[in-house]
Amino acid sequence: MAIGILLFALARPNPKIPEQQRPVAIPGAVETRPTANQLDYVHELPLKTAKGGRATATALSVNGKQLRALWLELEGFRHDPKFHALGFDNPFQYGEWRGRVRALDHSAGKAMIAEIGFPPGELLTLGGEYLKSKGMRTKRSDEIEQRLDAALNPKSVAVGAGRVTQDTEGCMNFDLVAKSLRELENGDFPASDAAHNEANCDTIPAGSVVSAPAVRRAYDWLKDKGQRVYVRVQVNHNQVWVPEEEISY
């Protein structure tokens with residue numbers, strides 16, 4: 001009799017463990033985790049209507065053609081011993097070339113980053129590299145020329161896609177990005193750094209192509225009524241969160 005009562009007691013649910021707290025395996029279910037919209041300083045925003053994007057490569061603008069011409073000029077004098085001796089301090093040919101590059105960068109730098117993802121000012125970096133190497137190729141010059149060639153000879157960009165307008169960060173975990181910003185506003189710099197490191201962020205170079213946004217969220221600043229809006233986009237097969245203001249569609 002006593003054994004029967006004991007077995008009955010063991011079979012009864014423990015009232016101290018609520019039913020909803022017990023793990024239940026559901027075939028095909030996907031594990032969910034807390035999301036950023038559970039934070040009181042983060043909320044979802046509706047997606048903006050995607051612009052057309054570039055379904056195919058388009059012709060260069062006047063500024064793009066000018067950048068190409070300046071690049072070809074540099075290629076023409078990079079091996080010139082006179083250039084190696086005088087550099088850009090020469091007020092005539094080489095100094096005048098530098099002046100035209102600077103003028104283009106000043107007047108159309110931001111527009112060209114949005115258009116082709118390459119700031120004209122980087123052509124001066126390339127020229128300085130050739131000046132140091134006496135016109136010989138270097139690892140740095142190859143890297144710049146590869147990006148310049150890709151910018152002036154663009155491949156197709158999917159409709160709705162955009163480009164990053166400046167070097168920025170793409171982060172995998174938005175909850176931790178928001179936490180890092182809030183800790184930063186609270187003055188807890190170690191906690192802010194720790195959250196940022198856990199957010200799994202990586203640099204996205206200016207000019208990188210990103211997909212149309214899949215999700216849009218806003219972080220509410222603590223000390224004013226402003227917001228910082230982020231969108232989740234695909235970059236090189238990774239889904240990351242990027243500040244919306246740093247993407248041009």
If hydrophobic clusters are built by linking Ile, Leu, Val, Met, Phe, Trp and Tyr wherever their side-chain heavy atoms come under 4.5 Å apart, do [X] and [Y] end up in the same one?
| X | Y | result |
| --- | --- | --- |
| V240 | L45 | no |
| V42 | L184 | no |
| Y130 | W97 | yes |
| Y230 | W221 | yes |
| L123 | I144 | yes |

Contact summary for [X] and [Y], nearest pair of heavy atoms:
| X | Y | value |
| --- | --- | --- |
| G170 | V242 | CA-CG2, 4.1 Å |
| D105 | G121 | OD1-N, 3.0 Å |
| P120 | G109 | CD-CA, 4.0 Å |
| P243 | T168 | CD-OG1, 3.8 Å |

Among side-chain atoms of E129 and T138, is any donor-acceptor pair under 3.5 angstrom? yes
Pairing donors with acceptors under 3.5 angstrom, does anything connect the side chains of S180 and S192? yes
From CA spacing to verdict: side chain to side chain donor-acceptor pair (under 3.5 Å), R217, Y219: CA-CA 7 Å; R217 289 179 181 161; Y219 169 83; over 6 Å; no
State whether [X] and [Y] are salt-bridged, where the test is any N-O pair (Lys NZ or Arg NE/NH1/NH2 against Asp/Glu carboxylate O) under 4.0 Å.
| X | Y | result |
| --- | --- | --- |
| E143 | K139 | no |
| E44 | R216 | no |
| R102 | E96 | no |
| E145 | R137 | no |
| E244 | R228 | no |

Close side-chain approach of [X] to [Y], heavy-atom, < 4.5 Å:
| X | Y | result |
| --- | --- | --- |
| N238 | Q234 | no |
| F118 | M112 | no |
| N63 | L104 | yes |

To the nearest 0.5 Å, how far apart are [atom1] in [X] and [atom2] in [Y]?
| X | Y | atom1 | atom2 | result |
| --- | --- | --- | --- | --- |
| Q66 | S107 | CD | OG | 7.0 Å |
| L74 | L148 | CG | CG | 9.5 Å |
| E246 | I113 | CD | CD1 | 11.5 Å |
| L126 | W71 | CG | CH2 | 8.5 Å |
| E75 | L70 | CD | CG | 12.0 Å |
| R140 | S133 | CZ | OG | 13.0 Å |

I would like to know whether W241 and F174 meet ring pair (Phe, Tyr, Trp, His ring centres under 6.0 Å); could you show each step before the answer? CA-CA 7 Å; W241 291 91; F174 182 78; 4.8 Å; yes
Does any N or O in the side chain of E185 come within less than 3.5 Å of the main-chain N or O of L222, such that one atom is a donor and the other an acceptor? yes
Do the side chain of D188 and the main chain of E183 share a donor and acceptor less than 3.5 angstrom apart? no
Going by atom type alone, with no hydrogens or angles, which donor-acceptor pairs under 3.5 Å involve a side-chain atom of residues 194-205 and a protein atom two or more places apart or on another chain?
| from | atom 1 | to | atom 2 | distance (Å) |
| --- | --- | --- | --- | --- |
| H196 | NE2 | E169 | OE1 | 2.8 |
| H196 | NE2 | E169 | OE2 | 3.4 |
| N197 | ND2 | D193 | O | 3.2 |

Can I get a per-line list of side-chain donor-acceptor pairs under 3.5 Å for residues 79-89, giving both atom names and the distance, sequence neighbours left out?
| from | atom 1 | to | atom 2 | distance (Å) |
| --- | --- | --- | --- | --- |
| D80 | OD1 | K82 | N | 2.9 |
| D80 | OD2 | Y94 | OH | 3.1 |
| H84 | NE2 | R78 | O | 2.7 |
| H84 | NE2 | K134 | O | 3.4 |

Derivation of the side chain to side chain contact (heavy atoms under 4.5 Å, CB included) call for H43 and D220: CA-CA 8 Å; H43 57 274; D220 296 328; 3.2 Å; yes
Determine, stepwise, if the pair I116 / L67 fulfils side chain to side chain contact (heavy atoms under 4.5 Å, CB included). CA-CA 11 Å; I116 62 175; L67 178 63; 3.9 Å; yes
